[in-house]
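What follows is a single structure, written as structure tokens, with notes after it.
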Amino acid sequence: QIAKDSKADAIHPGYGFLSENTDFCKRVDESGIIFIGPSVDAIELMGDKKTSKDAMEKIKIPLIPGYHGESQDPDLLASEAKKIGFPVLIKATAGGGGKGMRIVDTEAEFMEALNAAKREALNAFSNDKGLLEKYIKNPRHIEVQWVSDGQGNHFHFFERECSIQRRYQKVVEETPSPALDDKLRKDMCDTAVRISAGINYVGAGTIEYILAADNSFYFLEMNTRLQVEHPITEMVTGVDLVKLQIQAAAGQAFDFKQSDITQTGHSFEVRIYAEDPDNDFLPTIGRIKSIGHSTMDNVRLDCGFADNTEISVNYDPMIAKLIVHGSDRDTARLKMDKALNE
């Protein structure tokens, strides 16, 4: 209603829940307002871990060995887990953020873990369907940013590494990834472009991969929106991703080619959480007395709070993101240290 009253042509959903909410997307479309993001079909296809894996199989994208069939019979799932070989990962097909996820080390633990994962998934997503994946030990989490314009052209903006996590939530993100050589980077980025072309995507999206110790990589999931960590890509490429989203939603072609997109320097983002380190880092409430400001160039603080605002239980514990850019990885790391202190 606000959009209609203000005669807005389009709505940008941000990168929170509204960006992947198909009911919201449909309402926007039905109101004759442009949704700045992909189509409802793309969000539905890629928002479910099972249907997205089915789509990737069709276009021959490497997947982690596992089971994502229709049957949810516990005995069948147990026998599939045995076939895959332990350790296995049980995952809710809906949602994310580590909810409905369990690592199972032995056959004896499987049923109890399955029941716990299903209960958690039902509670979080009103959907207890699960799938199984081979659990890859000590993996790296690499994702590729791409944007597809309104004329069927697909461009990648290189990778981000998000391996430093806790409770399946990303904490530190960086680009370029120190783990990739030029060939591996090209393979991962080209695969992401092949995926976006394969589903006729429009707008910004991210392909997330698991990178194993032997440098084999597997499709993990697609996020049909802008990511929390998109500013590090903007820092190294000099491209405004939100501007490109708006141009794509307007049906415009981008005025560059893939070879025009390059990386310069190194960028880190850290997520700042309201948590209690003395209580197992659980989310906590409180008041922000004051927010500092950096004295350095190429430091960006994205924060939804001001001095003296209250942190309540109603929001995510991530309260801010601090992003820095430096000429190389070590320069950026030292700059982040200083910016955090400031």
With no hydrogens and no angle check, just 3.5 Å: does a side-chain donor-acceptor pair link [X] and [Y]?
| X | Y | answer |
| --- | --- | --- |
| Asp73 | Ser71 | no |
| Gln145 | His230 | no |
| Ser148 | His154 | yes |
| Glu342 | Ser294 | yes |
| Arg160 | Thr233 | yes |
| Glu208 | Gln227 | yes |

| Does the pair Glu310 and Ser312 meet the rule for a side chain to side chain donor-acceptor pair (under 3.5 Å), with working shown? | CA-CA 6 Å; Glu310 200 74 39; Ser312 73; over 6 Å; no
| said: Using the rule side-chain contact (heavy atoms from CB on, under 4.5 Å), only one of Val104, Asp75, Leu77 pairs with Met111; which is it? | reply: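 Per the side-chain contact (heavy atoms from CB on, under 4.5 Å) rule, the option paired with Met111 is Asp75, out of Val104, Asp75, Leu77.
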Minimum side-chain heavy-atom gap [X]-[Y] below 4.5 Å:
| X | Y | answer |
| --- | --- | --- |
| Thr191 | Phe219 | no |
| Leu220 | Lys91 | yes |
| Ser327 | His266 | no |
| Thr106 | Phe86 | no |
| Met336 | Leu322 | yes |

| task | Among residues two or more places apart or on two chains, list those pairs meeting ring pair (Phe, Tyr, Trp, His ring centres under 6.0 Å) that have a residue in residues 277-312. | result |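 Not a single pair qualifies under ring pair (Phe, Tyr, Trp, His ring centres under 6.0 Å).
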Are the charged groups of [X] and [Y] less than 4.0 angstrom apart, N to O?
| X | Y | answer |
| --- | --- | --- |
| Glu120 | Arg102 | yes |
| Lys26 | Asp29 | no |
| Lys53 | Glu221 | no |
| Glu173 | Arg271 | yes |
| Lys170 | Glu161 | no |
| Asp54 | Lys50 | yes |
| Lys183 | Asp187 | yes |

Flag, side chain of [X] to backbone of [Y], donor-acceptor distance under 3.5 Å:
| X | Y | result |
| --- | --- | --- |
| Ser177 | Ala179 | yes |
| Tyr315 | Met318 | no |
| Asp149 | Gly152 | yes |
| Asp260 | Lys257 | yes |
| Tyr209 | Met188 | yes |
| His325 | Thr264 | yes |

Exercise answer: donor-acceptor pairs, residues 9-20 side-chain atoms, under 3.5 Å, sequence neighbours excluded:
{"from": "His12", "atom 1": "ND1", "to": "Gly14", "atom 2": "N", "distance (Å)": "2.9"}
{"from": "His12", "atom 1": "NE2", "to": "Gln245", "atom 2": "OE1", "distance (Å)": "2.7"}
{"from": "Tyr15", "atom 1": "OH", "to": "Lys321", "atom 2": "NZ", "distance (Å)": "3.2"}
{"from": "Ser19", "atom 1": "OG", "to": "Gly16", "atom 2": "O", "distance (Å)": "2.6"}
{"from": "Glu20", "atom 1": "OE1", "to": "Arg225", "atom 2": "NE", "distance (Å)": "2.9"}
{"from": "Glu20", "atom 1": "OE2", "to": "Thr224", "atom 2": "N", "distance (Å)": "3.4"}
{"from": "Glu20", "atom 1": "OE2", "to": "Thr224", "atom 2": "OG1", "distance (Å)": "3.3"}

| task | Could you tell me which non-hydrogen atom of Ile207 sits nearest to which non-hydrogen atom of Met222, and how far apart they are? | result |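 So the two residues come closest at CD1-CE, 3.6 Å.
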| said: Does the Lys NZ or Arg CZ of Arg166 fall within the cation-pi geometry relative to Tyr273 - under 6.0 Å from the ring centre and within 45° of the axis? | reply: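 That pair qualifies as a cation-pi contact.
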| request: Show your working on side chain to side chain donor-acceptor pair (under 3.5 Å) between Gln263 and Thr175 and close with a plain yes or no. | output: CA-CA 9 Å; Gln263 287 175 304; Thr175 183; 3.3 Å; yes
| request: Go through the steps for Arg300 and Glu234 under the test side chain to side chain contact (heavy atoms under 4.5 Å, CB included), then give the verdict. | output: CA-CA 11 Å; Arg300 167 175 163 179; Glu234 295 185 329; 3.1 Å; yes
| request: Apply the test side chain to side chain donor-acceptor pair (under 3.5 Å) to residues Asp214 and Ser216: give CA-CA distance (whole Å), side-chain angles for both, the deciding distance (0.1 Å), then the verdict. | output: CA-CA 6 Å; Asp214 64 358; Ser216 54; 2.5 Å; yes
| said: Quick check: Phe256 with Phe155 (ring centres under 6.0 Å apart)? | reply: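 Judged by ring-centre distance (under 6.0 Å), Phe155 and Phe256 do meet the cut-off.
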| said: Give me each pair satisfying salt bridge (charged side-chain N to carboxylate O under 4.0 Å, His left out) with a member in residues 322-336, each pair once, sequence neighbours excluded. | reply: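 For residues 322-336, and leaving out neighbouring residues, the salt bridge (charged side-chain N to carboxylate O under 4.0 Å, His left out) pairs sorted by first residue read Glu174-Arg329, Asp330-Arg333.
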